[in-house]
Amino acid sequence: MPPGTPLYMTIAADVRDRIATEQLAPHTLLPSEREMAEVHGVSRMTARMALSLLESEGLVYRNPPRGTFVAEPRVRFRVGSFSEEVTRMGRRPSARQLWADRQLATPAVALALGLPDAASVHVFHRLRTVDEVPFVLETTYLPADLTPRILDEPEQGSLWAALRTRYGIELARSTAVLESIVLDDVTSVQLGVRAGSAGTLLTRRTEDAGGRCVEYGHDFYRADRAAFEVTEYLASPRLSGV
């Protein structure tokens with residue numbers, strides 16, 4: 001660490017490195033604030049600040065009165081189908097439908113989907129889990145004229161799979177915007193985290209082979225459990241000939 005770095009950040013960096021190099025496995029009990037203070041020759045307040053920083057980063061979790069433990073590593077997603085991404089990683093995805101309805105599209109939803117005024121959409125609000133652990137609250141909008149009778153089935157797994165197999169839609173491109181947010185009280189309860197916890201808002205659009213937007217959604221992820229992988233393929237620089 002650079003000279004002048006606060007001691008709590010130096011201590012946190014040491015624990016962070018040990019987690020990254022797998023010297024500390026998930027659910028390992030960390031030293032207490034008192035023990036950490038003695039080992040590093042600092043005050044308990046400094047040790048507490050180090051643990052609080054690691055907790056805010058999602059690297060550790062507290063389980064009073066047992067202590068502070070190393071957290072599970074974040075699940076790394078690519079933009080796409082939640083179910084397909086989780087399955088690709090050898091984990092078990094699940095969806096619990098909180099509600100589903102046919103509604104008039106709001107101006108913002110109609111604009112995103114390229115729909116005319118007074119068009120209807122099918123809306124799904126679902127809690128998505130990985131190995132039974134809550135990960136994301138997902139609200140998905142589908143053009144009603146494109147997905148007739150999709151609400152007939154009370155539960156849906158992968159909506160992308162339904163679009164492909166049931167409606168013959170060839171999905172061609174998915175884009176997303178990620179924003180760091182603070183989760184509100186209701187969302188925090190549903191995701192099983194403390195009120196005011198950090199979250200990630202993912203706003204997504206999916207287009208078919210003809211360029212039509214066939215899906216629009218807002219997803220609220222737990223920041224302590226999910227990470228996102230972004231890959232950009234760069235063209236080879238042209239030689240200038242100089």
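Values reported hereafter were calculated over all heavy atoms of this structure, with side chains retained and with hydrogens, waters and symmetry mates removed.
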Subject >> Side-chain donor or acceptor of Ser197 paired with backbone N/O of Val193 under 3.5 Å >> reply: no
Original post:
Is it true that atom CD of Glu229 has more than 12 heavy atoms of other residues, nucleotides or ligands lying nearer than 6.0 Å?
Top reply: yes
Original post:
Do the side chains of Phe69 and Leu29 get nearer than 4.5 Å, heavy atoms only?
Top reply: yes
Subject >> Any side-chain donor near an acceptor of the partner, Glu72 and His27, under 3.5 Å >> reply: yes
Original post:
Judged by atom type as modelled, is there a donor-acceptor pair below 3.5 Å linking the side chain of Thr187 to the main-chain atoms of Leu183?
Top reply: no
Original post:
Do Leu137 and Asp219 touch side chain to side chain, with heavy atoms closer than 4.5 Å?
Top reply: no
Original post:
Atom OH of Tyr216 and atom CZ of Arg205: how far apart are they, to the nearest 0.5 Å?
Top reply: 8.5 Å
**OP:** Please answer whether the main-chain N or O of Ile169 pairs with a side-chain N or O of Asp208 as donor and acceptor at a distance below 3.5 Å.
**Re:** no
Subject >> Closest non-hydrogen atom pair between Pro93 and Thr87, with its separation >> reply: CG-OG1, 3.5 Å
**OP:** Tell me who clusters with Val15, hydrophobic residues only, linked when side chains sit under 4.5 Å apart either directly or through other members.
**Re:** Leu7, Ile11, Ile19, Leu24, Leu30, Met36, Val42, Leu51, Leu54, Leu59, Val60, Val70
Subject >> All side-chain hydrogen bond (donor to acceptor under 3.5 Å, both in side chains) counterparts of Glu179, not counting sequence neighbours >> reply: none
**OP:** Check whether any side-chain heavy atom of Thr139 sits under 4.5 Å from a side-chain heavy atom of Val123, and report yes or no.
**Re:** yes
**OP:** Find out whether Trp160 and Ser174 are in side-chain contact, i.e. whether some heavy atom of one side chain is under 4.5 Å from a heavy atom of the other.
**Re:** yes
Subject >> Whether His122 side chain and Thr147 backbone form a donor-acceptor pair below 3.5 Å >> reply: yes
Original post:
Donor-acceptor pair, Arg74 side chain versus Ala223 backbone, under 3.5 Å?
Top reply: yes
Subject >> Main-chain N/O of Leu191 paired to Arg222 side chain as donor or acceptor, under 3.5 Å >> reply: yes
**OP:** Determine, using the 4.5 Å side-chain heavy-atom cutoff (strictly less than), whether Phe228 and Val136 are members of one ILVMFWY cluster.
**Re:** yes
Subject >> Main-chain N/O of Val186 paired to Asp184 side chain as donor or acceptor, under 3.5 Å >> reply: yes
Original post:
Are the side chain of Thr106 and the backbone N or O of Val109 linked by a donor-acceptor pair below 3.5 Å?
Top reply: yes
**OP:** Assess whether salt bridge (charged side-chain N to carboxylate O under 4.0 Å, His left out) is satisfied between Arg62 and Glu55, documenting all intermediate values.
**Re:** CA-CA 8 Å; Arg62 298 180 190 268; Glu55 184 182 21; 2.9 Å; yes
**OP:** Please work out which of the three classes, parallel, tilted or perpendicular, describes the rings of Phe77 and Phe82, given edges at 30° and 60°.
**Re:** parallel
Original post:
Does a side-chain heavy-atom distance below 4.5 Å link Tyr167 with Pro148?
Top reply: yes
**OP:** Carefully, step by step, assess Tyr141 and Phe124 under the rule ring-ring contact (aromatic ring centres under 6.0 Å, His included).
**Re:** CA-CA 7 Å; Tyr141 303 87; Phe124 294 88; 10.0 Å; no
**OP:** Considering only NZ, NE, NH1 and NH2 on the basic side and carboxylate oxygens on the acidic side, decide whether Glu85 and Arg76 come within less than 4.0 Å.
**Re:** no
Subject >> salt_bridge(Glu57, Arg16) N-O dist < 4.0 Å >> reply: yes
Original post:
Short question: side chain of Arg225, backbone of Pro73 - any donor-acceptor pair under 3.5 Å?
Top reply: yes
